[in-house]
Amino acid sequence: FLTAMRQEVTRAHKGWALDQVVLNNEMTKYTKDDISAPPPEESFVHGLFLDGAGWDKRNSRLVEPPVKVLSTPLPVIRIFAENQSAPTSDGKTYECPIYKKPRRTDLTFIATVQLRHGTANDDKWIMRGVALLCDIK
């Protein structure tokens, strides 16, 4: 799905090379019910659960998880393609893997998304094994 989206965006823009098109994302504050129509060259993804961390809805960033809460539902993620020579990072984002199931293997890995955090670096979230899950059962 995400590869097909990259290909479609590349075809829609003359002069763009598929090798130079990268996926980027933005966390929205929307729920599934707030969205009425699909975006033209983007995708909205919903139904993901954050495992190993909490989510600050007001500031759209990773935070400490609440006590005794194993997974947190996330708002809708906006995924879009950009023509870029190299992905850039400001150091305040965590490259969070997405898995189909809680059992994290290369067979259940889907992709990664960038999630903002308020810490000095992303080592904290890496050591915790923070990930997004499509299914929490």
Side-chain angles (χ1 to χ4, degrees):
F1 169 75
L2 296 175
T3 302
M5 189 179 100
R6 281 181 57 219
Q7 291 172 339
E8 288 296 318
V9 170
T10 302
R11 285 186 196 118
H13 297 283
K14 290 205 181 265
W16 285 23
L18 185 58
D19 295 345
Q20 299 295 315
V21 175
V22 295
L23 291 176
N24 206 339
N25 67 282
E26 175 185 78
M27 295 301 296
T28 69
K29 295 184 181 185
Y30 304 128
T31 64
K32 175 187 169 191
D33 299 330
D34 295 336
I35 297 173
S36 58
E41 287 188 352
E42 304 167 354
S43 293
F44 287 134
V45 177
H46 70 91
L48 296 177
F49 295 89
L50 184 60
D51 186 39
W55 185 254
D56 180 1
K57 292 179 184 177
R58 177 175 291 157
N59 297 314
S60 296
R61 64 183 181 137
L62 292 172
V63 293
E64 292 290 326
V67 178
K68 296 185 181 181
V69 175
L70 298 177
S71 59
T72 306
L74 279 183
V76 172
I77 301 174
R78 178 181 150 245
I79 298 180
F80 54 96
E82 293 180 319
N83 192 17
Q84 193 170 349
S85 59
T88 58
S89 176
D90 61 359
K92 294 286 186 183
T93 59
Y94 166 59
E95 192 169 341
C96 186
I98 304 172
Y99 294 96
K100 294 178 190 175
K101 300 276 185 183
R103 185 174 180 124
R104 301 176 190 184
T105 67
D106 58 337
L107 297 175
T108 61
F109 176 77
I110 299 173
T112 60
V113 292
Q114 299 292 325
L115 299 180
R116 288 185 24 210
H117 59 81
T119 57
N121 58 34
D122 58 358
D123 292 344
K124 173 182 181 176
W125 309 110
I126 293 169
M127 294 300 288
R128 283 193 174 178
V130 173
L132 296 179
L133 303 175
C134 295
D135 184 12
I136 55 174
K137 296 180 182 176

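Quantities reported herein were computed from a predicted structural model and do not represent experimental measurements. Sequential numbering from 1 along the given sequence is applied to the chain's residues.
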Name all residues meeting the ring pair (Phe, Tyr, Trp, His ring centres under 6.0 Å) criterion together with His46; count only those two or more places apart in sequence or in a different chain, and write none if there are none.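 For His46, no residue satisfies ring pair (Phe, Tyr, Trp, His ring centres under 6.0 Å) once neighbours in sequence are set aside.
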Counterpart residues, ring pair (Phe, Tyr, Trp, His ring centres under 6.0 Å), relative to Phe49 (two or more places apart):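 Expected list: none.
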Assess whether side chain to side chain contact (heavy atoms under 4.5 Å, CB included) is satisfied between Leu132 and Leu50, documenting all intermediate values. CA-CA 5 Å; Leu132 296 179; Leu50 184 60; 3.6 Å; yes
With sequence neighbours excluded, what pairs up with Glu95 under the side-chain hydrogen bond (donor to acceptor under 3.5 Å, both in side chains) test?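 Thr112.
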Do any N or O atoms from the side chain of [X] and from the backbone of [Y] form a donor-acceptor pair under 3.5 angstrom?
X: Arg116; Y: Asn59; result: yes
X: Arg6; Y: Leu18; result: yes
X: Asn25; Y: Gln114; result: yes
X: Lys101; Y: Asp135; result: no

Could you pull out all residues at least two apart from Glu82 that satisfy salt bridge (Lys or Arg N to Asp or Glu O under 4.0 Å)?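 Once residues adjacent in sequence are excluded, Glu82 has no partner under the salt bridge (Lys or Arg N to Asp or Glu O under 4.0 Å) criterion.
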Table please: side-chain donor-acceptor pairs of residues 65-73 below 3.5 Å, with sequence neighbours left out.
none

For Lys124 and Tyr94: C-alpha separation, side-chain torsions, deciding distance, then whether side chain to side chain contact (heavy atoms under 4.5 Å, CB included) applies. CA-CA 10 Å; Lys124 173 182 181 176; Tyr94 166 59; over 6 Å; no
Parallel under 30°, tilted from 30 to 60°, perpendicular over 60°: which one fits the rings of His117 and Trp125?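 The rings of His117 and Trp125 sit tilted, inter-plane angle from 30° to 60°.
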Ile110 and Tyr99: CA distance, side-chain angles, deciding distance, side chain to side chain contact (heavy atoms under 4.5 Å, CB included) verdict: CA-CA 6 Å; Ile110 299 173; Tyr99 294 96; over 6 Å; no
Would you compute the distance between atom CD1 of Ile79 and atom CE of Met5 and round it to the nearest 0.5 angstrom?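 Interatomic distance, Ile79 CD1 to Met5 CE, rounded to 0.5 Å: 6.5 Å.
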If I take atom CG from residue Asn121 and atom NZ from residue Lys92, how far apart are they, to the nearest 0.5 angstrom?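 Asn121 atom CG to Lys92 atom NZ measures 8.5 Å (nearest 0.5 Å).
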Same apolar cluster (I L V M F W Y, side chains within < 4.5 Å links), Leu133/Val130: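 In one cluster: no.
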Step-by-step side chain to side chain contact (heavy atoms under 4.5 Å, CB included) determination, Phe80 to Val9: CA-CA 9 Å; Phe80 54 96; Val9 170; over 6 Å; no
Can you run down the salt bridge (charged side-chain N to carboxylate O under 4.0 Å, His left out) pairs that involve residues 38-51, sequence neighbours left out, and say none if there aren't any?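 Found Glu42-Arg78, Asp51-Arg104.
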For Phe109, look at atom CZ and say whether over 12 heavy atoms of other residues, nucleotides or ligands are found less than 6.0 Å away.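 Buried by this count: over 12 neighbours within 6.0 Å.
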